[in-house]
Amino acid sequence: MINNFNLDDYALWTALVTPFDQQGNVDYDTLTTLVSEQEAAHNGILLLGSTGEGLALTLNEQQGIVEHVCQLKPSVPLMVAVGGSNLAQQKEWVSYCNQLPIHSYLLGSPLYAKPGAVGQTHWYESLLNESAHPCMLYNVPGRSGVSIPIETIENLKAHPKLWALKEASGNITQFEAYRQAAPNLALYSGDDALMPYFAQAGAKGLVSVAANAWPLQTHEFVKRSLSGQHPNLFAQWTRAINSLFAVANPIPVKVLMHQQGRLSSPLLRPPLTHLELTHLELTQTDCITTANDTILSWH
């Protein structure tokens, strides 16, 4: 039976990494541990997003990951990413996941095709109609090649399955435009470092990469951002966050988690590789030390 979570109670959703073993297979034992860490921090969990390398996994692997986490019955809600460019396949994926004890979907813009307002409205409306759960749309033009038009949000804002929007363009003006177009839509920052600014503009929370490395610290960071209590060492925290994006996500965070001893391997699925990141010492000392110093300064 699906827990009746109030999704609005979860200001932080962790876009969970997919751990691999030395042979490049999904490391389910480590995945279990990572889920437990997020559960202890009271963070919602997003599976198979871009941080989770969802599009680089086979369908069997995607199904295996979602089924495995569902069987763990975590005490926090689960969101599953829906992406790609083939609408029929994505509807099949949603239909499959509807049968599992999950709680939400993250609906990404179709990749590569760059549709306009009419095409995106059809894409999202089709997925929303298929969904049995509340959905969060995902504006990430850096990956999809095109922003979600304001017209699309206006077309969809009354849909009963539309709950939220993750804004990851890094543009506060775009965030404000979405908020004005759909005042009742819950807006989440998709950029860790921009969370305090988006909070001032009305964000409900954060969908985070950094929470993989620092589940408790990032939870506190979001809590304080939403309350207006910005940490004294905000500049140091920002540098730590920025170091997680020195090269394509999720390369730095997986390397860092391997250095933390929390991943057995830093391996990613091609075309991504941990070999892109050459300044390992900087990643470790800057991220771990400043993040820990920052959280300690709050108590």
Side-chain angles (χ1 to χ4, degrees), residues 11-20 30 33-34 37-38 41 43 45-46 49-53 56 140-143 166-172 188-199 203 205-225 230-299:
L12 175 58
W13 291 79
T14 302
L16 201 68
V17 300
T18 298
F20 299 118
T30 298
T33 301
L34 297 182
E37 291 173 351
Q38 297 302 325
N43 301 333
I45 297 172
L46 166 63
S50 53
T51 304
E53 302 172 77
V140 58
R143 290 189 182 271
K166 175 186 176 183
E167 162 51 24
S169 70
N171 186 339
I172 194 71
Y188 286 72
S189 173
D191 294 284
D192 286 271
L194 295 180
M195 179 58 203
Y197 304 107
F198 277 43
L206 171 69
V207 182
S208 175
V209 174
N212 281 284
W214 314 301
L216 290 168
Q217 293 94 329
T218 308
H219 184 99
E220 181 70 13
F221 182 72
V222 171
K223 178 181 175 182
R224 299 215 171 202
S225 294
H230 298 169
N232 294 330
L233 296 179
F234 175 66
Q236 288 89 335
W237 177 268
T238 300
R239 283 198 295 272
I241 297 300
N242 289 342
S243 68
L244 295 182
F245 299 92
V247 294
N249 176 53
I251 297 171
V253 73
K254 292 192 81 171
V255 170
L256 173 57
M257 293 173 73
H258 177 59
Q259 292 177 341
Q260 290 174 327
R262 295 172 53 234
L263 293 183
S264 62
S265 165
L267 290 181
L268 298 99
R269 284 288 169 87
L272 297 183
T273 170
H274 66 285
L275 300 177
E276 297 279 4
L277 191 62
T278 57
H279 303 292
L280 301 184
E281 298 81 7
L282 175 62
T283 301
Q284 184 171 20
T285 58
D286 189 29
C287 288
I288 297 177
T289 302
T290 60
N292 289 342
D293 286 349
T294 298
I295 192 67
L296 287 173
S297 74
W298 296 341
H299 297 284

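Because the structure is predicted, anything quoted here is derived from the model rather than measured. Residue numbers run from 1 in the order of the sequence given.
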side-chain contact (heavy atoms from CB on, under 4.5 Å) involving [X] - partner list, sequence neighbours excluded:
{"X": "Arg269", "answer": "Phe20, Glu53, Ala56, Leu57, Glu61"}
{"X": "Ala41", "answer": "Asn43, Pro215, Leu216"}
{"X": "Ile172", "answer": "Phe175, Phe198, Ala201"}
{"X": "Ala210", "answer": "Asp192, Ser208, Trp214, Thr218, Ile241, Leu244"}

Checklist entry - Who passes salt bridge (charged side-chain N to carboxylate O under 4.0 Å, His left out) against Glu276, sequence neighbours left out? => result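 Per chain and number, Glu276 pairs via salt bridge (charged side-chain N to carboxylate O under 4.0 Å, His left out) with no residue.
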Determine the minimum heavy-atom distance between [X] and [Y], stating which atoms define it.
{"X": "Ala211", "Y": "Leu12", "result": "CB-CD2, 4.1 Å"}
{"X": "Pro252", "Y": "Phe245", "result": "CG-N, 4.3 Å"}
{"X": "Met257", "Y": "Ala213", "result": "CG-CA, 4.3 Å"}
{"X": "Gly190", "Y": "Lys166", "result": "CA-CE, 3.6 Å"}
{"X": "Leu206", "Y": "Tyr188", "result": "N-CD2, 3.5 Å"}

Return the [atom1] to [atom2] distance between [X] and [Y], rounded to the nearest 0.5 Å.
{"X": "Ile251", "Y": "Leu272", "atom1": "CD1", "atom2": "CG", "result": "5.0 Å"}
{"X": "Lys254", "Y": "Thr51", "atom1": "NZ", "atom2": "OG1", "result": "10.5 Å"}
{"X": "Arg262", "Y": "Leu256", "atom1": "CZ", "atom2": "CG", "result": "8.0 Å"}
{"X": "Leu34", "Y": "Leu263", "atom1": "CG", "atom2": "CG", "result": "6.0 Å"}
{"X": "Gln38", "Y": "His219", "atom1": "CD", "atom2": "NE2", "result": "11.0 Å"}

Pairing residues for [X] by the side chain to side chain donor-acceptor pair (under 3.5 Å) criterion, not counting sequence neighbours:
{"X": "Ser169", "result": "Glu167"}
{"X": "Asp191", "result": "none"}
{"X": "Ser189", "result": "none"}
{"X": "Asn212", "result": "none"}

Checklist entry - Is the closest side-chain heavy-atom distance between Pro250 and Leu268 below 4.5 Å? => result yes
